[in-house]
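Shown below is the structure under consideration.
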Amino acid sequence: MGTVAAQFSSSCWHQRRRRGLLSLGGVRARLLFLYLLVGGGGLISLSSAARPSSSKEKLQVQKHLKRLNKPPLKTIQSLDGDIIDCIHISHQPAFDHPFLKDHKIQKWPSYHPEGLYDENSVSEGPKERTNPITQLWHMGGRCPEDTIPVRRTKEDDVLRASSVKRYGKKKHRSIPKPRSTDPDLINQNGHQHAIAYVEGDNYYGAKATINVWEPKIRQPNEFSLSQIWILGGSFGEDLNSIEAGWQVSPDLYGDNNTRLFTYWTSDAYQATGCYNLLCSGFIQINSEIAMGASISPVSAYRNSQYDISILIWKDPKEGNWWLQFGSDYVLGYWPSFLFSYLADSASMIEWGGEVVNSVPEGKHTSTEMGSGHFPEEGFGKSSYFRNIQVVDSSNNLKAPKGLGTFTEQSNCYDVQTGSNGDWGHYFYFGGPGRNPNCP
Ligand SMILES: *[C@@H]1O[C@H](CO)[C@@H](O)[C@H](O)[C@H]1NC(C)=O
């Protein structure tokens, strides 16, 4: 079935892309059929202690893997153990979504926001020297045109999740809510943050250059990440969020590597959304960057510093939210219909770090945020976000007005903002977690 669909769409792909649109025609009908065929089964619960034993449970995992891993046109083995499958652009997981059956792939954003800082100027040298980054799997080859690289999900990846249904999803309520006095929100299931944010306006995107590190994770069920949040709505059950950055998550990936990731939800992490391409939603157009793949190299203490730039913006013509990585890679977009509030605009932008503290009551985890060092230490030692900008209603990148900061326990993880000519608005953030002041 995969081969027939591949032949069908590659023959019309070249004609149709000249018009800038790709209609999926018969492929979509077949994919929808596949979706209905494999997607409707019941859900099973897996605990990490008790792996599925019955053949029914094994079958559920296999079905889920079959749904996630589309037939590849080429396969690349990465040094970190990942397998990168080059999937035809019209066979990507997004098109399993029933609402996307008539979707025409948008080949390129209609508008691109204009910025204050040109990435190319970075090599001419801010005072602090930084370096560009790529992905580790590139050493094993590249994906052909009209395909997208997809990190293959292995059986073990799914088995590490609490259930097949929760695989690739965040736990509920992990959004930092500044100025909250609700004690439940101060320690949301152990999620801790150190962030900068803006609110009180309509935002159409955000950008930042994020220092990349490989923080130590104390327990496999914890994670550490650095990201941008694009938020819509209040902090209720219908919160909309689009997220991108880097993360270390042993549970999700089975190792301690630093990986590029995205996330989206339209209901505060309940039923909708997922990491990367692990559910239908994000539509990728780029053949060079794989979601969830390791980024390399990473920064070292008092040594070379590496950073990635991330831009998320709403195309004013089509309404979709686009994602760009670095200055060269437009990765793809989240269709506007996935969201309620974000179908119009964002009401808040957050930049910064998050960790999970799962150590039992009374003690704090030593999982690191950022570099594992506090902001006071500065460049080369503490992790940073630089050239922080927001996209306004005229599709211009602007300095954020009224940048606030928030952290639940500044003795564990902290944040400090500043601004200068080279870095515009920036902040240092993070920390070691457990220490004499954060027992
Ligand atoms: C990840 O790091 C922790 C310690 O920081 C270590 O105990 C664990 O074995 C590592 N996991 C893998 C898969 O390498």
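Sequence positions, counted from 1, serve as the residue numbers for this chain. Just follow the structure's listing: the first ligand is 1, and inside any ligand the first atom is 1.
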Review point. Parallel, tilted or perpendicular: which fits the ring planes of Trp423 and Tyr384, with parallel below 30° and perpendicular above 60°?
Key: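 Tilted: the ring planes of Trp423 and Tyr384 meet at 30° to 60°.
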Point to revise | Close side-chain approach of His364 and Gln409, heavy atoms under 4.5 Å | key: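 His364 reaches Gln409 side chain to side chain.
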Check your understanding: What residues come within 4.0 Å of ligand 1, counting heavy atoms only?
Key ->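 Contacting ligand 1 under 4.0 Å are Lys216, Ile217, Gly254, Asp255, Asn256.
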Exercise for review: Scan residues 234-292 for pairs that pass disulfide (SG to SG under 2.5 Å), counting only residues two or more places apart or in two chains.
Suggested key: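 Listed once each, the pairs are Cys274-Cys279.
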Check your understanding: Does a side chain donor of either Asn211 or Tyr428 reach within less than 3.5 Å of an acceptor in the other side chain?
Key ->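 No, Tyr428 and Asn211 have no side-chain donor paired with an acceptor closer than 3.5 Å.
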Review point. Is the NZ atom of Lys216 crowded by more than 12 outside heavy atoms at less than 6.0 Å?
Key: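 Atom NZ in Lys216 is not crowded, with 12 or fewer foreign heavy atoms closer than 6.0 Å.
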Practice item. If the plane angle is over 60° it's perpendicular, under 30° parallel, otherwise tilted; pick one for Phe406 and His193. Key: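 Tilted.
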